[in-house]
Amino acid sequence: MTVAAPPPGRKTSRAARAAEPSPGALAAALLGWYDRHRRVLPWRAPPGVKADPYAVWLSEIMLQQTTVKAVVPYFQKFTAAFPTVRDLAEAELDSVLRLWAGLGYYARARNLHACAKVLVDRYGGVFPRSVEELRALPGIGAYTANAVASIAFDLPVVPIDGNVERVLTRVHAVEEMLPAAKPRVTALAEALEPSDRPGDFAQALMDLGATICTPKAPACVLCPWAEPCLARRRGDPETFPVKAPKREGLLRRGAAFVAVRADGAVLVRTRVAEGLLGGMTEVPTGAWSGDHDEATSLDHAPDLGVARRQWRRVPGVVTHVFTHFPLELLVFVADVADRIAAPGGMRWIARKDLAGEAFPSLMRKVIAHAGIDLRPGEAPSGDAPAHAQKPDPTKTNRRRR
DNA sequence: AAGTCGTGGCT
DNA sequence: TAGCCAAGACT
């Protein structure tokens, strides 16, 4: 199946074109590479062993727009806490969100839980074995349906993710812009699908994209598809895939309020179930807007019946970048008495329970900026209030100049 | 169908 | 450093 490398500075000759490997040969080369270089991942079954649909599904949901490195510890936590789909279905949503906290895209956790319930209620806890039924489940789109179908059930379908798009647009030098080129990429993938080992083929394509055909500085010399790859022949593999430039979001600002009781408890509330950080825990904040007025920040403080001057501004600002907008939060801290009641819709969280709360990363930054260490087993010792600790300069963004 | 939806690691 | 972007889904 090996094709002679074209001479340097070549034009694609008729002979070279005629010698292009067949789809079957390409698939065989990729599977051979996979057998030698497949990654060992916690959710991946050893060679020759059937994959566990639950592990495949859980990992695929976690891996949506998320790196393997970030997912691994979460996958471990989830499988330990919820060994089966039924365990997950029977859990409270809040306990799922607490375990998911920090991984981002929290709709995935809500849909994960909803999906587990449907699987138990309607499928007896057994994953359906068709793409159509999988696709109809909460949180499972075209990609994940194909991923589960191929990896867990060896159905002959190809999940098209960012890796596969990159590999195929490079091999074929697809100049059409994504996502417009998506149908073409799908066709290219389907043309390569081998009659056997669909699950390995899918994973091989993704491993190739993740370890060899990387966005920057692809390791073409190690690639099983180096010779037929048109992008490599052209010498500019990094230019593929062609994507439309995305415009940046506008900066939003706001104020966050960390009320700390004498016993160390912190005032929090739960965000609405849908939308940004839906269902997650937060300290009270004012609105996040492009025209936040610092002078009136305290107007948005929770009503604890304390004087305005009890709120002291922590120097610096917490910055956070969401996918579609950057955010700057001023942080105010107030020490209040133990007897102060939580305003409606809010509650006090004991110091020892802070680490386990469903705080998204943004809120962990805010709380850390306020001088509170969320790490479990790090209760403040002695007289100094927890928030009197010096803010960690590595996690705090002081205003420059 | 284009906008919404997180986060951290990498270059 | 400042952008880029990772095994996308949903509306």
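The structure presented is a predicted model; accordingly, all values stated were derived computationally and were not measured.
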* With a non-hydrogen cut-off below 4.0 angstrom, is A:K182 in contact with a base, only sugar-phosphate, or nothing? -> nothing

* Asked: Counting any heavy atom closer than 4.0 Å, what does A:I151 reach on the DNA or RNA strands: base, sugar-phosphate only, or nothing?
  -> nothing

* 5' precedence on DNA chain C between A:E248 and A:K243 (nearest-nucleotide basis) -> A:E248

* Residue met sooner reading DNA chain C from 5', once A:D161 and A:L137 are mapped to nucleotides -> A:D161

For a quick test of reading the model: is some side-chain N or O of [X] closer than 4.0 Å to OP1 or OP2 of [N]?
X: A:T66; N: C:dA6; answer: no
X: A:T67; N: B:dT7; answer: no
X: A:H324; N: B:dC5; answer: yes
X: A:Q64; N: C:dG8; answer: no

* **A:D35 and A:R197 ion-paired at < 4.0 Å** => yes

* Under 4.0 Å between a Lys/Arg side-chain N and an Asp/Glu carboxylate O for A:E274 and A:R110? -> no

* To do: May I ask you to verify whether the side chain of A:T323 and the base of B:dG6 hold a donor-acceptor pair under 3.5 Å?
  => yes

* Asked: Can a donor-acceptor pair under 3.5 Å be found between the side-chain atoms of A:R166 and the base atoms of C:dA7?
  -> no

* To do: Can you tell me, in whole Å, how much space there is between the C1' of B:dA1 and that of C:dC10?
  => 12 Å

* Residue pair A:W100 / A:Y106: nearest heavy atoms and the distance that separates them -> CD1-CD2, 3.5 Å

* Asked: Quick one: A:R252 CZ to B:dT4 C1', roughly how many Å, whole number?
  -> 10 Å

* A:L58 versus A:T79: any side-chain heavy-atom pair under 4.5 Å? -> yes

